[in-house]
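Here's the structure we're looking at; comments come further down.
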Amino acid sequence: MTHPTQRGVFITLEGIDGAGKTTQFEAVVGALRAAGRTVVATREPGGTPIGERIRALLLSEPMHYATEALLMFAARQEHVLSVIEPALLRGEVVVCDRFTDATLAYQGAGKGLPIDRLEALANWVHPGLAPDLTFLIDVPVELAAQRLRAQARIADRFERESAEFFARVRGHYLALAAAEPLRWVIVDGTRDLESVRDDLVHHMRKILQEPV
Ligand SMILES: Nc1ncnc2c1ncn2[C@@H]1O[C@H](COP(=O)(O)OP(=O)(O)OP(=O)(O)O)[C@@H](O)[C@H]1O
Ligand SMILES: [Mg+2]
């Protein structure tokens, strides 16, 4: 007898620039694959050919805040329709480096765009879709800035924002996590890489143990 495919699991990683999302991404993906899960590993903005071209624009070109938000959602629309939803329908695990929470935190709290408009766009672009599990890798603004400064590369347009900006973004992330404690897990990102990794894997244990 064939069983209908179970809907997959949608996991997102959030946090301010320099928190360690991309560093821990491989660990999260690796733990899931080691447990036999089929994983789609992706990122925002990006994740599709159009999305990656929009990403390049967003990271380099100065633009009005509303344009930035609309481009984020345009990239997200492609991503949801052609990558995320199909993978979830196939019963796979989708791990995404940033999603709509980042737009609420950065373009909303950080840049002052009305949150209700961003939420309206989210409802248009992905009605009924929200991550099942979101990790907030939380670090103080100064530590994140130190980590970025230590990298031998030129900061992108977002990474050049002020400490006050990142404080608003971090505050909004913490508020989102507090408002939806069943979806969010706050991970203390100030610790060494292995401790942060162990925490993330520990919180995925339920998903890791489910039969494939
Ligand atoms: N727990 C940690 N301890 C020490 N250094 C870390 C830790 N996590 C990440 N780093 C370092 O901090 C820098 C930023 O990490 P990473 O690129 O993963 O952050 P990010 O959250 O993806 O940032 P962005 O939002 O800008 O993409 C990297 O040089 C990384 O090696
Ligand atoms: Mg990153």
Side-chain angles (χ1 to χ4, degrees), residues 10-32 39-48 51-62 65 68-69 71-72 75-76 79 83-84 94-111 118 131 133-174 176-177 184-204:
F10 186 20
I11 301 174
T12 56
L13 288 167
E14 298 287 356
I16 60 173
D17 290 72
K21 297 176 297 298
T22 306
T23 306
Q24 296 296 343
F25 183 78
E26 289 306 323
V28 169
V29 170
L32 288 159
V39 181
V40 172
T42 188
R43 68 170 178 183
E44 290 217 342
T48 66
E52 290 294 327
R53 288 173 75 173
I54 294 175
R55 178 188 181 93
L57 272 176
L58 283 165
L59 295 189
S60 61
E61 294 289 330
Y65 293 165
E68 182 176 296
L71 283 176
M72 290 286 181
R76 183 162 299 135
H79 198 203
V83 177
I84 297 174
V94 176
V95 182
C96 194
D97 189 337
R98 295 192 182 282
F99 193 61
T100 292
D101 297 306
T103 314
L104 300 176
Y106 279 71
Q107 280 70 44
K111 301 191 172 174
L118 300 175
L133 172 62
T134 298
F135 289 115
L136 173 56
I137 304 185
D138 185 50
V139 299
V141 171
E142 187 43 44
L143 177 61
Q146 265 174 32
R147 288 180 182 172
L148 290 177
R149 279 197 298 272
Q151 287 182 327
R153 63 174 181 85
I154 299 166
D156 67 40
R157 217 165 59 78
F158 290 93
E159 292 164 353
R160 290 195 294 267
E161 292 285 353
S162 66
E164 294 73 31
F165 173 88
F166 285 114
R168 288 196 298 279
V169 173
R170 182 188 184 205
H172 197 75
Y173 271 135
L174 288 167
L176 287 171
W184 289 78
V185 172
I186 303 176
V187 173
D188 175 3
T190 64
R191 297 161 305 154
D192 60 274
L193 295 174
E194 292 70 30
S195 306
V196 178
R197 180 194 182 279
D198 289 349
D199 233 17
L200 292 166
V201 172
H202 172 77
H203 284 289
M204 289 194 302

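Order of appearance sets the numbers: ligands from 1, and atoms from 1 within every ligand. The first residue in the sequence is number 1, and the count goes up from there.
Closest to atom 1 (N) of ligand 1, if we only count protein heavy atoms, is Arg191 O, 2.8 Å. Counting protein heavy atoms only, atom 8 (N) of ligand 1 is closest to Leu193 CD2, 3.3 Å. Shortest contact from atom 27 (O) of ligand 1 to any protein heavy atom: Thr22 OG1, 3.9 Å. The closest protein non-hydrogen atom to atom 13 (C) of ligand 1 is Gln151 NE2, 3.6 Å. Among protein heavy atoms, the minimum distance from atom 31 (O) of ligand 1 is reached at Thr23 OG1, 4.1 Å.
Residue Asp192 has at least one heavy-atom neighbour below 4.0 Å for each of these atoms of ligand 1: 1 (N).
No option in Val95, Asp199, Leu133 other than Leu133 meets the side chain to side chain contact (heavy atoms under 4.5 Å, CB included) test with Met204.
Look at Arg197 and Glu26 and you find no salt bridge, because none of the NZ, NE, NH1 or NH2 atoms lies under 4.0 Å from a carboxylate O. Under 4.0 Å is where a charged nitrogen must lie from a carboxylate oxygen, and between Glu68 and Lys111 at least one such pair does. Salt-bridge check for Glu44 with Arg76: passed, with a basic side-chain N closer than 4.0 Å to an acidic carboxylate O. With salt bridges taken as basic N to acidic carboxylate O contacts below 4.0 Å, one links Arg149 and Glu142.
Atom CZ of Arg191 is surrounded by more than 12 heavy atoms from other residues, nucleotides or ligands within 6.0 Å.
Note that OH of Tyr173 is 7.0 Å distant from CG of Asp101, once rounded to the nearest 0.5 Å.
Contact between Gly18 and ligand 1 is present, with at least one heavy atom of the residue lying under 4.0 Å from the ligand. Taking a 4.0 Å cut-off on heavy atoms, Ile16 registers as neighbouring ligand 1.
Each protein N, O or S atom less than 2.8 Å from the Mg ion (ligand 2) was counted, giving 1.
Considering each of Arg98, Arg147, Arg43, the one bringing a non-hydrogen atom nearest atom 10 (N) of ligand 1 is Arg147.
Looking at heavy atoms from C-beta onward, Val139 lies in side-chain contact with Arg147 at the 4.5 angstrom threshold.
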Q: Run the numbers on Glu52 and Arg43 for salt bridge (charged side-chain N to carboxylate O under 4.0 Å, His left out), then give the verdict.
A: CA-CA 9 Å; Glu52 290 294 327; Arg43 68 170 178 183; 2.7 Å; yes

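Here's the thing with Lys21: one of its N/O atoms is less than 3.5 angstrom from an N/O atom of ligand 1. Ligand 1 has no N or O atom lying under 3.5 Å from any N or O atom of Gln24, backbone or side chain. Considering backbone and side-chain N/O of Val196, none are found under 3.5 Å from N/O of ligand 1. The shortest N or O to N or O distance between Gly20 and ligand 1 is under 3.5 Å. Residue Arg153 has no N or O atom closer than 3.5 Å to an N or O atom of ligand 1.
With 3.5 Å as the limit, one finds a donor-acceptor pair spanning the side chains of Asp17 and Tyr106. If you check the side chains of Asp198 and Ser195, you find no donor sitting under 3.5 Å from an acceptor.
In this structure Arg55 satisfies the side chain to side chain donor-acceptor pair (under 3.5 Å) test with no other residue, sequence neighbours excluded.
Between the side chain of Arg98 and the main chain of Pro45, no donor-acceptor pair closer than 3.5 Å is present.
Neither the backbone nor the side chain of Asp97 comes within contact range of ligand 1; no heavy atom lies under 4.0 Å.
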